[in-house]
Number of protein chains: 2
Amino acid sequence: MEMFFDPKGIALVGATGSPIKSGYRVLKNLINGFKGGIYPVNPNYEEIEGLACYSSVLAVPDPVDLAIVLVPALRVPQVIRECAERKIPGVMIESAGFAETGEEGKALQEELRQINLETGIRLWGPNCMGLVDAVHDHVFSFVVQNIRDQGFVGGDVSLIVQSGFLSAGFLVDMMSHGTMGISKACSIGNKVDVDECDLLEYLLDDSDTAAIGLYLESIPDGRRFMDLCRSSTKPIVVLKGGKSTVGAEAAMSHTASLAGNRAVVSGALAQARVVEADDFNQMMDICRALARFPEVSEESRRRVAILTPSGGAGIVSSDFVDQVGLELADLSQTTRDTLRTVYPEWMPVSNPIDIWPAIELNGAEAYVTAFEALCADPNVDAVFLHLFAVGFVRDNISPLGDAVRSSGKPVFCWIMGMRELVNKAWKSAREQGIPAFREQYRAAECMAAVLKRKKVVELEVPEVSLQGAIALPERLGQLLGDERGTLDEHLSKQVLAAGEIPVVEEKIVSSEDEAGEVASNLGFPVVMKGLSPGKIHKTELGLVRLGIGAAEEAAEEFERLKRTMDGNGVVLVQKQIRGELELIVGLVRDPQFGPCVMFGLGGVMAEVLKDSAFAVAPLTRSDALDLINRLKAQELLDGFRGAPAVDREALSRILVRIGELGCAYPRIREIDINPLILSEGKPVAVDASVILDS
Amino acid sequence: MEMFFDPKGIALVGATGSPIKSGYRVLKNLINGFKGGIYPVNPNYEEIEGLACYSSVLAVPDPVDLAIVLVPALRVPQVIRECAERKIPGVMIESAGFAETGEEGKALQEELRQINLETGIRLWGPNCMGLVDAVHDHVFSFVVQNIRDQGFVGGDVSLIVQSGFLSAGFLVDMMSHGTMGISKACSIGNKVDVDECDLLEYLLDDSDTAAIGLYLESIPDGRRFMDLCRSSTKPIVVLKGGKSTVGAEAAMSHTASLAGNRAVVSGALAQARVVEADDFNQMMDICRALARFPEVSEESRRRVAILTPSGGAGIVSSDFVDQVGLELADLSQTTRDTLRTVYPEWMPVSNPIDIWPAIELNGAEAYVTAFEALCADPNVDAVFLHLFAVGFVRDNISPLGDAVRSSGKPVFCWIMGMRELVNKAWKSAREQGIPAFREQYRAAECMAAVLKRKKVVELEVPEVSLQGAIALPERLGQLLGDERGTLDEHLSKQVLAAGEIPVVEEKIVSSEDEAGEVASNLGFPVVMKGLSPGKIHKTELGLVRLGIGAAEEAAEEFERLKRTMDGNGVVLVQKQIRGELELIVGLVRDPQFGPCVMFGLGGVMAEVLKDSAFAVAPLTRSDALDLINRLKAQELLDGFRGAPAVDREALSRILVRIGELGCAYPRIREIDINPLILSEGKPVAVDASVILDS
């Protein structure tokens with residue numbers, strides 16, 4: 001990938017002397033910043049802008065390891081073949097007119113893919129804006145001319161953006177507004193070869209990149225993407241387009257993208273410790289906050305001190321701190337004592353720290369005194385600083401920088417006030433390493449992203465590899481190899497039990513007497529079910545009978561079930577479990593992420609609360625515990641209405657095991673445990689089905 | 001109130017020639033804009049800035065109808081007395097040092113209140129920033145000097161801000177960033193006399209005000225505030241500080257404010273058709289959007305067309321449109337035909353309208369063609385326009401203005417791109433009457449505020465006045481007058497039944513035989529309860545028995561209950577109702593809003609979903625229907641799992657009646673119907689308590 005970012009020489013195929021064309025803009029951008037050889041290619045020119053122009057890439061002299069291609073789509077395949085022949089290892093195709101433009105374009109793109117497969121030449125694009133590297137002045141893109149003149153500054157956040165046009169607008173916006181600097185911005189377009197994973201892998205190793213933001217419409221290789229994210233110590237933020245049903249439909253018609261099951265994608269990102277963003281500027285704000293404060297801690301860090309010149313603004317901030325799941329710090333005695341030295345006598349010390357009366361009394365120094373005390377306070381995990389740049393409050397925050405640096409504490413600054421002073425304060429904040437924001441809520445969101453960021457745990461080795469490590473009894477293993485479609489309830493639970501998942505006590509019975517005997521042994525009440533091939537909706541077909549209280553009743557029921565099934569099928573006697581909570585556990589195969597474990601509320605609650613979450617299998621123990629934690633209705637799990645609390649360890653073992661089954665037996669298309677009943681806090685699978693490929 | 005906004009002459013008490021002082025800033029501001037007489041008052045000066053200075057307000061010549069006071073707090077009462085003596089009708093007290101500064105200050109503020117009560121002089125403040133009227137250049141404030149030089153522009157949104165310092169920062173920010181204009185900004189401070197209601201009433205009649213935004217920490221006279229909002233045809237947006245528990249605590253310690261029950265306040269605001277905001281800039285953005293598109297419609301307007309040069313941005317917008325409860329418009333055939341004339345052949349027409357390929361083919365005209373078609377499309381309620389001001393997309397939106405004006409359709413514009421061009425586009429959008437936004441989500445929020453705004457229904461006269469109009473039988477009326485504390489279940493339901501609220505069939509029985517007889521008449525199963533004075537937790541005391549299936553059982557139970565109650569109390573036999581859903585209906589008295597009706601989910605659901613809403617009594621029928629609509633779990637009401645849908649009319653009658661009871665009988669402190677069971681869709685009160693003042 002190195003040749004895309006730091007090439008020795010570049011052939012620009014489609015260079016032109018006509019200033020309104022993209023081929024001219026790219027050339028000018030190269031001339032203005034790129035230090036290596038630049039070789040315009042266009043048979044119609046002898047030279048452009050003082051550079052010798054070549055009739056084809058074949059004629060370009062060494063060294064050249066990157067070609068940027070801007071010729072019309074139909075001519076692109078030929079150019080690529082010539083590049084391959086010329087042994088140019090990388091091509092950035094910025095021309096449009098491929099898969100995004102219907103059948104003909106799709107065929108053209110497929111041709112590019114074939115050339116990539118045949119020759120191994122790496123292709124970036126097509127239908128993209130290429131690369132802008134603001135740190136090294138590498139503008140391999142027509143997106144904007146004279147990058148430095150636009151006031152662009154370098155920074156340490158890098159971007160990967162799927163949508164071509166979006167990346168242009170977005171990048172130009174971000175850089176020209178001077179709110180933050182960018183390191184590398186990569187517009188990846190149709191991803192015929194180089195994709196988000198390749199670029200992410202490169203950026204994870206890039207010393208100029210401290211945090212990475214991605215706008216993606218699809219994540220085709222979900223597993224590789226996850227593995228990269230999980231291995232990263234750099235913060236990663238993803239804005240996934242097409243989350244809602246309508247959004248997903250729009251995504252389908254836009255790029256040839258598969259939007260993916262929203263819940264699966266969100267689950268996978270959470271599992272990989274990726275922060276999910278909702279909007280473009282929000283993504284960038286979270287990126288710059290995380291780039292500034294990438295430290296993670298094993299301890300919970302939630303305690304925020306709010307330092308404000310306005311009680312009213314402090315109140316609103318308190319609401320936001322609460323809303324994003326953080327809390328107000330309980331200030332230490334030392335801090336309280338320090339604040340009392342600057343506060344007027346009548347004023348009680350509390351958090352938010354309303355500093356205006358102290359400023360009136362002691363001047364702007366009071367602000368600095370308070371800020372330093374908060375930075376040094378062990379009860380404070382982060383400081384939320386309000387800065388009113390209105391002329392009569394200190395708008396120069398450089399004295400605060402030392403306190404931030406020496407304490408290493410995350411500080412976030414909300415700035416409002418007179419435009420000129422706001423800009424000045426913003427610049428000063430950036431110099432002092434204090435992320436600044438124009439809206440309180442955004443500042444609170446970024447604070448939450450920084451404080452809640454979890455330490456990347458040493459990647460526990462999941463207990464199974466992806467195939468075959470769960471040893472089922474031979475009979476069941478064979479079944480999972482040969483059978484098709486839905487296994488009956490009893491067989492399904494035998495598979496689960498063999499996978500060490502606790503299932504309800506039950507037995508197939510073959511006579512009235514046996515039914516009575518088994519029922520007596522299980523203990524009343526029991527449930528009896530008729531299992532008949534292909535009859536999935538047992539309840540609707542009258543094949544389930546609850547609350548059987550005596551042996552004779554069980555015997556009668558045996559007879560009734562047999563009759564109902566016309567003699568086909570078998571009869572199951574099952575201990576009736578009365579639990580305190582119904583859950584659902586499942587396994588699905590996602591086209592992007594492969595086998596995924598689903599965990600959610602069951603019963604009536606499920607339909608109203610729609611509370612479920614996904615994680616990609618195999619799960620580590622901590623993945624499983626996190627998955628349980630992602631359920632919204634946590635209070636139901638923690639001993640609701642006097643019920644015993646859920647045994648989270650037992651539950652997590654089930655989640656791990658379900659994932660392992662999915663990984664070990666690729667013919668399992670789906671597993672559905674519904675309900676998994678919690679009885680005295682212990683989970684038991686009461687009904688289940690395992691669905692195999694048909 | 002007129003003298004505060006358009007005085008004939010102003011006495012400035014505390015004027016000074018020292019440029020760093022507030023008293024000088026106000027004077028300069030008056031000189032720069034105010035056309036009437038300006039009379040500085042300060043015994044230490046003969047003249048300031050060429051104006052004669054007076055030793056006291058008593059010496060100020062006519063005409064003078066407003067005094068602005070900036071002297072230290074301790075001297076303020078004396079100044080006010082002199083103003084009253086001088087027959088100056090209004091005083092704006094900008095000095096601080098009152099209730100916000102502890103006991104001494106509180107006493108001072110109380111003194112001001114006494115003067116107001118004694119003399120009738122109107123007092124604005126203290127501890128406030130006064131008034132900035134950008135349209136008339138009336139800057140009766142020290143907040144900022146030389147308002148015009150800061151680039152401030154007039155506009156049609158007016159503001160009422162409780163927090164003094166906040167209003168300053170906020171106002172300066174808003175005006176200097178040029179994103180929107182302001183009409184009047186009122187900083188109300190400690191509200192010793194003039195409060196948000198007085199100002200709101202004035203602004204509702206003010207021809208320079210099209211929409212009103214309020215930041216409030218308390219709404220002491222909730223009923224007057226609501227009545228004003230309900231009578232308004234102008235959009236009103238409220239940001240209420242202190243919503244969360246922590247926020248409310250912060251509010252308590254800030255101004256001497258009562259933050260109020262968050263749910264009650266939100267309910268009251270929703271009932272009064274007020275839009276609730278979460279953040280400062282958001283409040284302003286919603287205000288300017290509503291000021292531009294104040295039209296309301298009785299029809300549901302939810303269908304949005306997204307016009308974008310970037311498929312990716314369109315996808316993200318689709319997600320937001322969905323998230324704020326709007327939907328993507330299904331374009332009319334005419335629009336589709338028009339779009340086909342500019343689209344490349346391969347491209348399908350869909351919404352979002354990705355216009356970039358059409359622009360590549362047909363130039364920027366394609367943008368205008370598409371926009372005009374969308375404005376004219378009867379299937380489209382609003383257009384969400386994306387504008388990428390990056391140099392190669394039309395950044396001048398003036399050609400779009402005509403379409404907006406002629407269609408009258410709400411249009412919202414998201415602008416990103418090169419800073420300079422963004423500013424140009426923003427200005428152009430403002431001139432064309434198209435609200436512009438820098439973040440997609442914000443644009444979507446504002447769109448939702450405009451499209452969901454409801455027509456103010458002709459205020460239905462509630463069926464009762466606030467007192468006594470519900471005619472209860474004399475016995476019950478007397479009870480509600482004389483009794484104290486909690487009425488027993490049966491009595492409580494008799495009160496409800498007399499108020500035409502359906503209650504479960506039940507009867508007090510006085511013998512074993514009667515118990516059996518009544519139970520048989522009601523039909524089995526029945527419930528039997530022992531009602532014993534002061535025993536509220538009946539279930540825990542073994543005084544409730546469900547599922548009694550025969551007359552003998554009822555007779556036995558009578559005996560058991562009597563025994564359990566030691567011979568005290570009475571026995572109630574009640575039809576056992578098996579319903580499909582449990583609800584809770586209640587009445588509470590809120591210190592700010594008076595009697596309020598609560599409606600929520602009951603049973604286990606209630607504790608998990610915490611789904612309830614409030615409305616201020618008395619309720620009209622449509623208030624009650626709205627209250628039902630505000631429950632989040634609507635699906636439970638609409639025939640969940642095959643159950644019959646809730647009879648919303650019957651339910652709304654109960655809500656109206658509960659409110660009327662609360663209004664008619666002020667000694668009712670609380671009513672609690674729990675559960676109100678829905679049986680075959682019909683609501684029946686099964687258990688209830690009425691709590692009277694003790």
Side-chain angles (χ1 to χ4, degrees), chain A residues 101-102 105 150 162-163 165-166 168-170 172-173 176-177 215 217 241-247 250-251 253-255 278-281 309-316 318-319 321-323 328 344 346 348 350 352 354 356 388 390 416-419 438-441 605 608-609 633 635-636, chain B residues 101-102 105 144 150 162-163 165-166 168-170 172-173 176-177 215 217 241-244 246-247 250-251 253-255 278-281 309-316 318-319 321-323 328 344 346 348 350 352 354 356 388 390 416-419 438-441 605 608-609 633 635-636:
Chain A
T101 64
Q150 309 294 347
Q162 182 169 350
S163 162
F165 198 79
L166 186 62
F170 189 35
V172 167
D173 187 281
S176 68
H177 279 77
Y215 170 76
E217 287 161 15
K243 283 187 211 169
S244 64
T245 320
V246 282
S253 65
H254 175 50
T255 328
D278 301 313
D279 207 345
F280 298 102
N281 294 317
S310 153
I315 292 170
V316 172
S318 300
D319 282 337
V321 162
D322 182 62
Q323 211 173 309
L328 291 184
W346 56 265
S350 64
D354 181 354
W356 181 240
F388 280 31
V390 289
M416 63 151 45
M418 194 77 73
R419 183 175 195 159
R438 293 283 293 136
E439 309 228 8
Q440 287 200 42
Y441 185 65
M605 293 281 187
V608 181
L609 290 172
E635 54 201 318
L636 282 180
Chain B
T101 66
V144 63
Q150 310 294 346
Q162 182 169 350
S163 162
F165 198 80
L166 185 62
F170 190 34
V172 167
D173 188 281
S176 69
H177 279 78
Y215 169 76
E217 287 161 16
K243 282 187 211 169
S244 65
V246 281
S253 65
H254 174 50
T255 329
D278 301 313
D279 208 343
F280 298 102
N281 294 316
S310 153
I315 292 170
V316 173
S318 301
D319 281 338
V321 162
D322 182 61
Q323 211 173 308
L328 291 183
W346 56 265
S350 63
D354 181 355
W356 180 241
F388 279 32
V390 289
M416 64 151 45
M418 194 75 74
R419 183 176 195 158
R438 293 282 293 137
E439 308 227 9
Q440 288 200 43
Y441 184 64
M605 293 280 188
V608 182
L609 289 172
E635 54 201 317
L636 283 180

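Bear in mind that the values here come from a model prediction, so they are computed numbers and not experimental data. Hydrogens, waters and symmetry mates play no part in the numbers below; they use all other heavy atoms, side chains included. Each chain gets a letter, A, B and so on, in the order the sequences are listed, and its residues count up from 1.
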Nearest heavy-atom approach of I315(A) to Y215(B) is CB-OH, 4.1 Å
Testing the basics here: between D279(A) and Q440(B), what is the closest heavy-atom pair and its distance to 0.1 Å?
OD2-N, 3.4 Å
Please lay out, stage by stage, how F280(B) and V316(A) fare under the test side-chain contact (heavy atoms from CB on, under 4.5 Å).
CA-CA 9 Å; F280(B) 298 102; V316(A) 172; 3.6 Å; yes
Which region of E635(B), side chain (C-beta onward) or backbone (N, CA, C, O), has a non-hydrogen atom less than 4.5 Å from a non-hydrogen atom of chain A, or is it both or neither?
side chain
What pairs with R438(B) under salt bridge (charged side-chain N to carboxylate O under 4.0 Å, His left out), at least two apart in sequence or on another chain?
D173(A)
